[in-house]
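What follows is a short report on a single structure.
Residue numbering restarts at 1 for every chain, and letters A, B, ... go by the order of the sequence lines.
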2 protein chains.
Amino acid sequence: MEPIADKKKAIFESTLELVKEKGFHGTPMSLVAKRAGVAAGTIYHYFESKEELIQELYQYIKRQVIEVVQREDATDKPYRQCFFNLWYGLYHYYRHNANVLMFFEQFVTSPYNIYKDELGKDEFFRLLFGFFERGIAEGHLKQVSPKIMGTLAHSNVIATVKIQASGRLDLQEGDLEEIPRILWDGMRKQ
Amino acid sequence: MEPIADKKKAIFESTLELVKEKGFHGTPMSLVAKRAGVAAGTIYHYFESKEELIQELYQYIKRQVIEVVQREDATDKPYRQCFFNLWYGLYHYYRHNANVLMFFEQFVTSPYNIYKDELGKDEFFRLLFGFFERGIAEGHLKQVSPKIMGTLAHSNVIATVKIQASGRLDLQEGDLEEIPRILWDGMRKQ
DNA sequence: TGCAGCCGAATGAACATTCAATAGACAGAA
DNA sequence: TTCTGTCTATTGAATGTTCATTCGGCTGCA
C-alpha cells in the first residue's frame, strides 16, 4: 500500500466532506479544489475525471472498512464475542467517520456504483459473509443464508450510526448494548 | 386528497424512474419532460422549480407508505400477527415500487432532505414508533426505545428489499419467513 | 373573445475539463 | 560551485457543454 501523495489525500478528504454535506450533485470540482487548498487543475493531475475521483475514493475508503472486519474476525475469542466485537468495530469506525458512511450510502444507491451485481466478489462482503458462514457451521447461528445475515447485520450497524449521527435521537448507554443484542438474539440458534 | 392531474402524475413517475436509474444528478429536467411525454415548460406549469418537484414528489410518495402502516396497525389481530403483517406490508409495497424505495433512500441522505432533524414529527415515523410503543406497553417486546426498534425494523425491511431488488442474491421462499422472524426473535420479550 | 394548458426554442448560469504558463526539483556538465 | 536543461507539480483563466428556467406563442374550450 503506497503512501498517498499529500494533495491527493487532501482532495479525498475534501470530496468526502462535500459529498456528505451536499451530495454528489452540489459538489462541483471547483469547490473540491478550494476546500482541499489546491487549484482546479491540480485535481486533474491526479485524476482523469470526476468519475474517476469518486471511484478511487470509494476504493480508498473500502480498504479501511475491510481492515476493521479482518481485525475482529481473525481472533480466537469465542464466536459470540467476535460477533459483538465486529458489531462494535464497525459501529465505531462509522461513528468516527460519519462522512465515510454518508459517502458509502450515497455511492451505493447511485449510478456511480458500477459493482451493483457483483456483491459476492466485493472483498468486504466476502469477509463479512465468511464470518456468518463460520457461525452457522459452528452451530452458533440459525440456518439462514449467511449472505442474508451479513447484509442484515451490516444494515443494522448503519441504521444505528445514522440514528446517532443525525442527532434526532440520543442513544443511551444501555441502548448501545441492546441493539447488537437484538441482532444476536434474532440470529442465534434458539 | 384531490386527484392529481394526469400530466402531473406522469411527471412524478418519470422523475421516480430517472432518479432510480441515474440519481438526482444525472436527472435533468429535459429528460424528465421527455419521458413524461410533456414539454420542458409544462413541468414549470405545475412546479416552481426542480427543488419543489422533488419535495412534492417526496410528500406524494410518503402518503402511500403511511397508508400501508395504517392498514396493518389498526386491526384487532394479536400483536405478533400485526408485527408480521406490518413487515410484509412494507416489504411488498417497497418490493412492487422499487423506484419509490430508491428515491426514498437517495432523498433521505441528500441535501434535498430538509426534515433531517424532525424525525419525531414525520407522520410515517410517528405511526411506526407508536406501533412499537404499543408492543412494549402490552408486554410483547423488550424494554428498548420504540424509536430504536422502529428504525431498526424499517431498515431491516429496506435491506431485504434491496437484496432482492439488486438481484445479487435470490431469496428463497423460506428466507422471506426467516427474515422477519430474526427481527421478531430479537425484539420480543424473552 | 378570453383563458388555461401546453409547447419548445432561447437564455444565462454553473460546471467539468483543458491548457499555456510558471515554479520548483534534480541531474549532469563546466 | 554554478549553470543548463529536463522533468514534474501546480496554477487559474478560458472553453465548451449541460442544464434549469423563461417566455412568446399556439391550441382548443367556454
Side-chain angles (χ1 to χ4, degrees), chain A residues 2-60 99 102-103 106-107 109-114, chain B residues 1-60 99 102-103 106-107 110-114:
Chain A
E2 16 27 307
I4 290 172
D6 260 359
K7 303 243 163 173
K8 200 165 171 180
K9 191 164 177 187
I11 293 166
F12 276 161
E13 295 300 333
S14 159
T15 308
L16 225 38
E17 280 176 31
L18 283 166
V19 168
K20 175 189 159 191
E21 284 170 30
K22 300 158 182 283
F24 286 120
H25 67 299
T27 296
M29 296 297 257
S30 53
L31 249 191
V32 171
K34 189 190 271 188
R35 191 169 301 193
V38 303
T42 304
I43 299 182
Y44 289 87
H45 179 71
Y46 292 103
F47 307 97
E48 217 154 76
S49 62
K50 186 175 184 177
E51 169 80 27
E52 207 189 272
L53 163 61
I54 304 271
Q55 295 294 344
E56 271 200 45
L57 177 49
Y58 177 65
Q59 298 301 329
Y60 169 71
N99 42 14
M102 295 312 268
F103 177 87
Q106 291 197 49
F107 183 89
T109 58
S110 89
Y112 283 115
N113 183 11
I114 53 184
Chain B
M1 213 174 297
E2 10 35 301
I4 291 172
D6 260 358
K7 305 243 163 173
K8 199 165 173 179
K9 191 165 179 186
I11 293 166
F12 276 161
E13 296 300 332
S14 161
T15 307
L16 224 40
E17 281 176 32
L18 283 167
V19 169
K20 175 189 159 190
E21 286 170 30
K22 299 159 183 283
F24 285 120
H25 67 299
T27 296
M29 295 297 259
S30 54
L31 251 191
V32 171
K34 189 192 268 188
R35 192 170 300 193
V38 304
T42 305
I43 298 182
Y44 289 86
H45 179 70
Y46 291 102
F47 307 96
E48 218 154 77
S49 63
K50 187 176 185 178
E51 169 80 25
E52 205 187 275
L53 162 60
I54 305 270
Q55 295 294 345
E56 270 200 44
L57 177 49
Y58 177 65
Q59 298 301 329
Y60 168 71
N99 42 15
M102 296 310 270
F103 177 88
Q106 293 198 47
F107 183 89
S110 90
Y112 283 116
N113 183 11
I114 52 183

Under the salt bridge (Lys or Arg N to Asp or Glu O under 4.0 Å) definition, can you give me all pairs with a residue in residues 36-60 of chain B, not counting sequence neighbours? B:K8-B:E56

Could I get a table of every N or O pair under 3.5 Å where one atom is in the protein and the other is in nucleotides 25-27 of chain D?
none

On a heavy-atom basis, which atom in B:I11 and which in B:V38 lie closest, and how many Å separate them? CG1-CG2, 4.4 Å

What side-chain hydrogen bond (donor to acceptor under 3.5 Å, both in side chains) pairs are there with at least one residue in residues 23-36 of chain B, not counting sequence neighbours? B:E17-B:R35, B:E21-B:R35

Taken to the nearest whole Å, CZ/A:F47 to P/D:dA9 is 13 Å

With B:F12 as reference, evaluate B:Y58, B:F47, B:F103 under the ring pair (Phe, Tyr, Trp, His ring centres under 6.0 Å) test and give the passing residue. B:F47

Report all interatomic pairs (protein N or O, nucleotide N or O of nucleotides 10-14 of chain C) with separations under 3.5 Å.
none

Test ring-ring contact (aromatic ring centres under 6.0 Å, His included) applied to B:Y44 - qualifying residues, sequence neighbours left out: none

Pairs satisfying salt bridge (Lys or Arg N to Asp or Glu O under 4.0 Å), at least one member in residues 24-33 of chain B, at least two apart: none

Test side chain to side chain contact (heavy atoms under 4.5 Å, CB included) applied to A:A10 - qualifying residues, sequence neighbours left out: A:A36

Whole-Å distance separating the NZ atom of B:K34 from the P atom of D:dC19: 11 Å

Where A:S14 and A:V32 come nearest, the two heavy atoms and their spacing: OG-O, 2.8 Å

For nucleotides 17-24 of chain C, which of its nitrogen or oxygen atoms have a protein nitrogen or oxygen under 3.5 Å away, and what is each distance?
{"from": "C:dT17", "atom 1": "OP2", "to": "A:Y44", "atom 2": "OH", "distance (Å)": "2.7"}
{"from": "C:dT17", "atom 1": "OP2", "to": "A:K50", "atom 2": "N", "distance (Å)": "2.8"}
{"from": "C:dT17", "atom 1": "O5'", "to": "A:Y44", "atom 2": "OH", "distance (Å)": "3.4"}

B:Y46 atom OH is separated from C:dA4 atom P, nearest whole Å, by 13 Å

Nearest whole angstrom, please: distance from the C1' of D:dC19 to the NE2 of A:H25. 14 Å

Are any non-hydrogen side-chain atoms of A:E13 and A:L16 less than 4.5 angstrom apart? yes

Ignoring backbone atoms, test whether A:H45 places a side-chain nitrogen or oxygen under 4.0 Å from the OP1 or OP2 oxygen of D:dT10. no

Indicate whether OP1 or OP2 belonging to C:dC7 is found under 4.0 Å from a side-chain N or O atom of B:T42. yes

Taking only the side-chain heavy atoms of A:K7 (C-beta and beyond), determine which of C:dG8, D:dT10, C:dG5 contains the nearest atom. D:dT10

Over all atoms of both residues, closest heavy-atom pair of A:L31 and A:K22: CD1-CE, 4.1 Å

Checking A:V19, A:L18, A:T15 against A:F24 for side chain to side chain contact (heavy atoms under 4.5 Å, CB included), the one that qualifies is A:V19

Rounded interatomic separation in angstrom, taking CG from B:L18 and C1' from D:dC19: 14 Å

